[in-house]
Undergrad: 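Below is a structure I'd like to ask you about.
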Amino acid sequence: MQPVIVPEPDGSVRVDGRRVALGELPSVVVAAGASARWTWDDTNRWYPGLLAAGVRVERAYDLRLGHRILRGSALASWPEPGDAPPGPWDTLPPAPLTSTPDQPAMLFAAPGVDDSAPGPDPVAELAVQDAVVAASLAAAGRLRLLLAAESAGALAAVEMYHAGLPWLADVHDAVLTETLGPRPRLGERPARLEELAHLIRAALDAPASLNPDSPRDLLRAIERAGVGARSLRKWELEQLDHPVVEPLLEYKSLYRLLTANGWAWLEAWVRDGRFRSEYVVGGVVTGRWASSGGGALQLPKSVRRAVVADPGWSFVIADAAQLEPRVLAAMAGDEVMAAAGRGPDGRGADMYAGIVASGAVPTRELAKVGMLGAMYGGTTGSSGQVLPRLAKAFPRSLAFVDDAARAGERGEVVTTHLGRSSPLPGATWHETQAGAYQDDAGDDDVAKARSYARSWGRFTRNFVVQGTAAEWALCWLASIRRRLWALGPSPSVSDDGPVPAPFAARPHLVFFVHDEIVVHTPADLADAVAAEVQAAAAEAGRLLFGDFPVQFPLSVAIAPSYADAK
DNA sequence: GTACTTAGCGCG
DNA sequence: AAAGCGCGCTAAGTAC
């Protein structure tokens with residue numbers, strides 16, 4: 001069954017021709033059963049209200065996300081040329097997530113969305129997307145997998161927002177107090193920062209008026225004192241031998257903690273023991289997720305101590321080891337590199353150690369920077385130096401990323417394993433390239449064009465790897481989500497604890513960052529969860545790469561705090 | 001006052 | 001003497 005939710009001007013919806021009042025939607029969804037695939041314009045618009053009513057959806061199809069992928073995909077076969085003007089499905093912004101378990105006031109209605117205006121027709125759009133996929137022939141299977149995974153990811157993203165990441169404000173406060181000193185009054189510097197500011201001024205022989213928070217003032221004082229730095233970047237300061245370096249680096253680090261994840265952050269983003277940040281599915285060109293509000297994808301290691309499971313609950317924390325080089329080996333069909341990732345016992349090695357064991361490079365560190373350089377387009381330093389050796393040992397993988405880079409340098413599109421394509425370079429890029437062929441083009445123009453071309457080549461080189469890794473992660477996430485639900489509720493956890501329905505006594509995802517997940521689970525299910533997370537990684541590998549002998553080993557920890565992982 | 005850019009740094 | 005991908009966020013600084 002594939003019901004489509006069609007919004008009506010009066011605020012109700014139509015489901016397979018039947019008019020349904022919004023308040024009735026949760027029971028209609030429940031009645032349809034778990035095999036139904038709910039199709040809607042935007043998961044963010046419909047799913048928060050269902051979750052607030054305690055209803056989980058097993059399968060969904062997100063037309064907005066599907067359209068964006070198909071519209072850009074070089075594998076998708078549109079009936080008309082791809083340069084057709086953008087329609088409503090191209091411009092639809094995602095509905096903002098506002099409802100939380102304790103504040104479901106805006107049930108199904110995102111503020112600012114004018115529901116009285118007739119929107120684009122989801123039934124027609126679904127037919128269009130189905131037809132485009134079907135017409136894509138050989139690529140149809142991959143595109144279907146990508147679209148299903150993207151939609152499953154959208155469900156998982158809303159569920160993680162609904163559940164929230166368990167967060168102990170007093171632990172966070174203790175971290176801040178230990179490193180910065182007690183919380184100061186508004187507008188004042190914490191004690192440790194104040195101390196460091198004095199040390200910085202003394203080392204620079206600068207007046208008390210010098211404000212270390214002002215990069216301009218600070219840089220001027222540094223120039224005057226003859227320190228020898230021409231910027232305030234950490235790496236540049238680290239090279240220098242001057243008494244100001246040590247206090248300044250510490251100041252910058254603590255200042256960063258204070259401004260990005262200090263007391264103000266805590267008050268803004270943590271409520272009732274949960275941190276909620278909105279995940280923006282497909283928010284990055286490569287298909288990775290972005291986040292909005294609170295910087296969930298950049299949680300510094302130092303504050304992860306505050307992420308603590310509820311009493312009677314535990315975390316299962318898992319991350320995929322060397323995901324990107326493994327993905328590269330698989331998409332390039334590089335059996336040699338895949339073998340390096342399997343290790344001597346064939347059960348999933350540290351891939352960089354495997355590269356050393358293959359004799360390609362002498363140390364793990366060189367294997368790592370070399371592979372990163374290959375995937376990012378590095379040319380200098382030790383990364384550039386080992387590149388030829390890696391190219392000799394793993395010609396298929398290196399040729400694969402080189403091909404992607406060449407395509408980008410020519411201004412062409414590249415595509416991930418499942419069919420997400422890169423954008424084309426913009427007008428400035430093309431003008432710069434054209435500038436190199438003008439009759440009056442100087443050396444500068446040629447050099448600039450070359451530099452732009454190379455830069456876009458580095459982008460496309462990385463796009464195919466990062467984007468395909470994001471696809472693996474989506475499949476992993478989708479599989480984990482399904483498996484966790486199948487484990488069922490724990491008999492030893494009560495239904496009225498701090499975890500909201502429908503996850504009250506069930507393991508559920510609470511955090512995801514590119515190649516890493518955190519599951520919050522009743523403690524008695526933690527071992528079972530860990531096994532499912534492992535099984536899901538293997539399943540994701542099979543979904544993307546079939547029988548190709550690549551492995552995706554995880555490091556998995558069962559712990560009471562996120563800080564205890566690794 | 002608002003809206004923008006820049007520098008810097010956190011994460012993967 | 002810092003090059004090589006993708007982001008979000010903050011404060012300072014600038015433009016209007």
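Numbered from 1 within each chain, the chains take letters A, B, ... in sequence-line order.
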Undergrad: Among the candidates dC7(C), dA2(C), dT14(C), find the nucleotide nearest to the side-chain atoms of R216(A).
TA: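 Selected nucleotide (nearest to the side chain): dT14(C).
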Undergrad: Tell me, yes or no, whether the heavy-atom count around R410(A) atom CZ, taken from other residues, nucleotides or ligands under 6.0 Å, exceeds 12.
TA: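 Counting other residues, nucleotides and ligands, CZ of R410(A) exceeds 12 neighbours.
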Undergrad: Can you classify the ring geometry of W265(A) versus W167(A) as parallel (below 30°), tilted (30 to 60°) or perpendicular (above 60°)?
TA: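 Rings of W265(A) and W167(A): tilted, 30 to 60°.
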Undergrad: Have a look at G295(A) and say if it touches a base, only the backbone sugar-phosphate, or nothing, with a 4.0 Å heavy-atom cut-off.
TA: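 Here G295(A) touches the backbone only, sparing every base.
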Undergrad: Would you tell me if any nitrogen or oxygen in the side chain of S214(A) comes within less than 4.0 Å of OP1 or OP2 on dG13(C)?
TA: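 Yes, within the criterion.
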Undergrad: Please classify the nucleic acid contact of V285(A) as base, sugar-phosphate, or nothing, using heavy-atom distances under 4.0 Å.
TA: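 The answer is sugar-phosphate, as V285(A) gets under 4.0 Å only of primed atoms, P, OP1 or OP2.
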Undergrad: Go nucleotide by nucleotide along DNA chain C from the 5' end; which of M375(A) and D213(A) gets its closest nucleotide reached first?
TA: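 That would be M375(A).
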Undergrad: At under 4.0 Å, does any side-chain N or O of K301(A) touch on OP1 or OP2 of dG12(B)?
TA: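 The answer is yes; a side-chain N or O of K301(A) sits under 4.0 Å from OP1 or OP2.
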Undergrad: Once you apply a heavy-atom cut-off of 4.0 Å, does R304(A) come out as touching a base, just sugar-phosphate, or nothing?
TA: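 Sugar-phosphate, no base atom in range.
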Undergrad: What's the closest nucleotide to the side chain of A290(A) if the choices are dC5(C), dA12(C), dG8(C)?
TA: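 Of the candidates, dG8(C) comes closest.
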Undergrad: Looking only at N and O atoms, is any donor in the side chain of R458(A) or the base of dC5(C) less than 3.5 Å from an acceptor on the other one?
TA: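 Donor-acceptor pair under 3.5 Å: no.
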Undergrad: Calculate the interatomic distance between L299(A) atom CG and dG8(C) atom C1'; express it in whole Å.
TA: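 Interatomic distance, CG of L299(A) to C1' of dG8(C): 12 Å.
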Undergrad: Choose from dC7(C), dC5(C), dG8(B) the nucleotide whose nearest atom is closest to any side-chain atom of Y376(A).
TA: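 Looking only at heavy atoms from C-beta outward on Y376(A), the closest nucleotide is dC5(C).
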Undergrad: T468(A) and T416(A): side-chain donor and acceptor closer than 3.5 Å?
TA: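 No, no side-chain donor-acceptor contact under 3.5 Å.
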Undergrad: Give the rounded distance in Å between these two atoms: CZ of R233(A) and P of dA7(B).
TA: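 It works out to 7 Å between those atoms.
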Undergrad: Atom CG of L218(A) and atom P of dA12(C): how far apart are they, to the nearest Å?
TA: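 For the pair L218(A) CG and dA12(C) P, the rounded distance is 13 Å.
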Undergrad: Quiz question: going by heavy-atom distance under 3.5 Å, is there a donor-acceptor pair between the base of dG6(C) and the side chain of Q466(A)?
TA: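 It does not, because no donor-acceptor pair links the side chain of Q466(A) to the base of dG6(C) below 3.5 Å.
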Undergrad: Roughly, in whole Å, what's the span from CG in L258(A) to P in dG8(B)?
TA: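 To the nearest whole Å, that distance equals 19 Å.
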Undergrad: Contact class for G294(A) (heavy atom, under 4.0 Å): base, sugar-phosphate, or nothing?
TA: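 G294(A): backbone/sugar contact only, no base atoms under 4.0 Å.
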Undergrad: Just name whichever nucleotide pairs with dG4(C), Watson-Crick or G-U, keeping both distances under 3.5 Å, else none.
TA: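 Base-paired to nothing in any strand shown.
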Undergrad: Has K234(A) got a side-chain N or O lying under 4.0 Å from the OP1 or OP2 atom of dA2(C)?
TA: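 Negative; the distance criterion is not met.
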Undergrad: Which nucleotide sits closest to the side chain of Q298(A): dC11(B), dC9(B), dG12(B)?
TA: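 Nucleotide nearest to Q298(A)'s side chain: dC11(B).
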Undergrad: By the 4.0 Å heavy-atom rule, please label Y255(A) as base, sugar-phosphate, or nothing.
TA: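 Here Y255(A) touches the backbone only, sparing every base.
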Undergrad: Touch check for G384(A), heavy atoms < 4.0 angstrom, all strands: base, sugar-phosphate only, or nothing?
TA: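 Contact class for G384(A): none.
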Undergrad: So, are E223(A) and R220(A) salt-bridged, with charged N and O less than 4.0 Å apart?
TA: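 Judged by the 4.0 Å cut-off on N to carboxylate O distance, E223(A) and R220(A) do not form a salt bridge.
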Undergrad: Looking only at the side chain of E516(A) (C-beta and beyond, no hydrogens), which of the listed nucleotides dG13(C), dG10(B), dG12(B) gets closest?
TA: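 Side chain of E516(A) sits closest to dG12(B).
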Undergrad: Go nucleotide by nucleotide along DNA chain C from the 5' end; which of E238(A) and S292(A) gets its closest nucleotide reached first?
TA: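 This one resolves to E238(A).
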Undergrad: Quick one: CH2 on W429(A) to CH2 on W456(A), what's the gap to the nearest 0.5 Å?
TA: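 Output value for this atom pair is 8.5 Å.
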Undergrad: To the nearest angstrom, how far is L232(A) atom CG from dA7(B) atom P?
TA: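 Checked: the CG to P distance equals 11 Å.
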Undergrad: Ignoring backbone atoms, establish whether K252(A) has a side-chain N or O less than 4.0 Å from OP1 or OP2 of dG8(B).
TA: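 So the side chain of K252(A) is outside the cut-off, no N or O lying under 4.0 Å from OP1 or OP2 of dG8(B).
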Undergrad: Do R461(A) side-chain and dG4(C) base share a donor-acceptor contact under 3.5 Å?
TA: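 Result: no qualifying N/O pair found.
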Undergrad: The side chain of R256(A) lies closest to which of these nucleotides: dA1(C), dG6(C), dC9(C)?
TA: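 The answer is dC9(C), which lies nearest to the side chain.
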Undergrad: If you only use heavy atoms from C-beta on, which nucleotide in dC5(C), dA3(C), dG12(B) is closest to the side chain of N462(A)?
TA: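 So the nucleotide nearest the side chain must be dC5(C).
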Undergrad: Between atom CD in E324(A) and atom P in dC7(C), what is the gap in whole Å?
TA: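 Nearest whole value for this atom pair: 13 Å.
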Undergrad: With P as the reference atom in both, quote the distance from dA7(B) to dA2(C) in angstrom, rounded to an integer.
TA: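 Here dA7(B) and dA2(C) have their P atoms 15 Å from each other.
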Undergrad: Please check if atom NE2 in H198(A) has more than 12 non-hydrogen atoms from other residues, nucleotides or ligands closer than 6.0 Å.
TA: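 For H198(A), atom NE2 is not crowded (no more than 12 foreign heavy atoms under 6.0 Å).
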Undergrad: Check the distance between dT10(C)'s P and R189(A)'s CZ and give it to me in whole angstrom.
TA: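 So the CZ-P distance, R189(A) to dT10(C), works out to 19 Å.
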Undergrad: Does either side chain, that of D213(A) or that of Y251(A), offer a donor lying less than 3.5 Å from an acceptor on the other one?
TA: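 A donor-acceptor contact under 3.5 Å links the two side chains.
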Undergrad: Rounded to whole angstrom units, what separation is found between the CZ atom of R220(A) and the C1' atom of dA12(C)?
TA: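 Going from R220(A) (CZ) to dA12(C) (C1'), I get 13 Å.
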Undergrad: For T259(A) and dA11(C), is the shortest distance between a side-chain N/O and OP1 or OP2 below 4.0 Å?
TA: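 No, outside the criterion.
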